[in-house]
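Just below is one structure, and these are the notes that go with it.
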Amino acid sequence: MRALIKNKFQKTIWDFYAKNKRQFPWRPPTLSLRRAKGELDPYRILVSEIMLQQTQVGRVVAKYEAFVRIFPNFRTLARASLRDVLVLWQGLGYNRRAIALKKIAEIVEEKYKGALPESVEELDELPGIGEATASSIMAFAWNHPTVFIETNIRRVFIHHFFKDKKKIRDEDILFLVEKTLPAKNFREWYYALMDYGAMLKTEVPNPNRMSAHYAIQSKFKGSNREVRGGILKFVADKRKTTLNELNELPFDVRMIEKNLEALVNEGFLRKNVETITIQ
């Protein structure tokens, strides 16, 4: 990439960010910097990154603040009951993220003595964390120059570098993400990219439609996701229930039975002869 193009692109992003940067409870200065190294609390970064997977920022903010207030560190989350975690998670959807987050806390306490590991490879091995999330945690918690993309970042690079192309693959975007990294302030640079991408969402037709990985999310109403969420909320609210009580939910009985069995197999629920409870 030519230096002139790189510098122009960086200036566009930094100039926008200087005037329009967003504040969230997981970003500084809301979070206090840790020591002279400029670290943020890795636990809180982890929670925010897991919550933000496939969920809009506006829905995450209130839940995040409540979550870290009740479970302020790995120890409290590891020791909490899964029911308490799922009750607090209600409204975020994709409940498997909640069980993954609790399992991560247990692993961190048992294997890493309460400290989140500081390598992409070790983070990638934890439940619910892929390479992209591991890389984002490294950048946001420790200001490391990792390379990753998410929805807003993908939107920015397609808009600026792939305007006349279709079926754009993520590896081509990742190449440019790496080439345009600044010499320092990696955390802030990713904040800036994401804020610029959020602006583009309201200003131009969605560039992400040109991505080879673009897919329209299936409808929630009447889906397995809706049924799973309804079952989990019902059981969590009642602490324990029976299949007959579950069948009173406003869903097809066959869908209830199918999704109940899946929730049991995945470790969300425990089922015996008479009752159904949170694991």
Side-chain angles (χ1 to χ4, degrees), residues 46-71 77-107 126-130 132-133 150-152 154 201 206 208-209 211 213-279:
L46 169 72
V47 172
S48 67
E49 288 300 297
I50 296 294
M51 285 187 169
L52 287 164
Q53 292 173 348
Q54 298 177 285
T55 305
Q56 294 178 345
V57 173
R59 291 174 59 197
V60 169
V61 173
K63 285 291 181 181
Y64 169 86
E65 292 181 317
F67 197 94
V68 297
R69 184 173 61 251
I70 295 174
F71 308 122
L77 181 57
R79 293 179 176 180
S81 70
L82 180 57
R83 177 188 176 274
D84 288 344
V85 175
L86 287 172
V87 167
L88 194 55
W89 195 270
Q90 291 299 319
L92 281 178
Y94 299 101
N95 291 284
R96 61 172 54 90
R97 293 178 301 166
I99 194 171
L101 193 52
K102 176 166 167 52
K103 285 181 177 177
I104 290 171
E106 293 168 356
I107 293 169
L126 296 172
I129 296 182
T133 299
E150 51 79 68
T151 299
N152 283 319
R154 184 182 292 109
K201 185 177 181 179
N206 188 6
N208 283 341
R209 291 179 179 272
S211 167
H213 313 280
Y214 180 77
I216 299 175
Q217 190 178 56
S218 59
K219 292 182 179 180
F220 178 72
K221 189 68 177 176
S223 67
N224 287 322
R225 285 172 49 219
E226 184 187 26
V227 178
R228 286 167 62 95
I231 292 171
L232 276 176
K233 185 178 187 307
F234 189 82
V235 178
D237 288 346
K238 292 178 69 68
R239 292 185 178 270
K240 64 180 180 180
T241 188
T242 65
L243 182 57
N244 285 337
E245 290 174 318
L246 278 182
N247 286 339
E248 296 175 7
L249 289 170
F251 307 120
D252 181 86
V253 171
R254 289 169 297 181
M255 287 194 71
I256 291 175
E257 293 176 351
K258 169 188 169 183
N259 283 282
L260 172 61
E261 201 63 33
L263 288 167
V264 170
N265 292 336
E266 292 170 25
F268 283 97
L269 300 177
R270 181 186 297 112
K271 179 183 177 183
N272 59 32
V273 176
E274 297 184 357
T275 60
I276 301 160
T277 59
I278 299 289
Q279 276 282 24

Distance, nearest 0.5 Å, that separates [atom1] of [X] from [atom2] of [Y]:
X	Y	atom1	atom2	result
Asn272	Thr275	CG	OG1	3.5 Å
Lys201	Asn208	NZ	CG	9.5 Å
Thr151	Gln54	OG1	CD	9.0 Å
Thr241	Leu246	OG1	CG	5.0 Å
Lys240	Arg270	NZ	CZ	12.0 Å
Leu77	Glu106	CG	CD	8.0 Å

Item to check | Closest heavy-atom pair and its distance - Leu86, Ala98 | outcome: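 So the minimum-distance heavy-atom pair works out to CD2-CB, 3.9 Å.
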Item to check | Heavy-atom pair of closest approach, residues Glu266 and Arg228 | outcome: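 Taking Glu266 first and Arg228 second, the nearest heavy atoms are OE1-NH2, 2.8 Å.
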Checklist entry - Do Glu65 and Arg69 meet the salt-bridge criterion of a basic N to acidic O distance under 4.0 Å? => result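 Looking at Glu65 together with Arg69, the answer is no, because their closest N to O distance does not fall below 4.0 Å.
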Is any side-chain heavy atom of [X] less than 4.5 Å from a side-chain heavy atom of [Y]?
X	Y	answer
Leu46	Ile129	yes
Val85	Ile99	no
Arg59	Met51	no
Phe71	Leu88	yes
Val68	Ser48	no

Donor-acceptor under 3.5 Å ([X] side chain, [Y] main chain):
X	Y	result
Lys102	Ala80	yes
Lys238	Thr277	no
Arg97	Gln53	yes

Checklist entry - Which is it for Ile278 and Asp84 under the side chain to side chain contact (heavy atoms under 4.5 Å, CB included) test, yes or no, and what are the steps along the way? => result CA-CA 9 Å; Ile278 299 289; Asp84 288 344; over 6 Å; no
Checklist entry - Given the rule in the side chain to side chain contact (heavy atoms under 4.5 Å, CB included) test, do Phe268 and Ile231 qualify, once you have shown the distances and angles that lead to the verdict? => result CA-CA 11 Å; Phe268 283 97; Ile231 292 171; over 6 Å; no
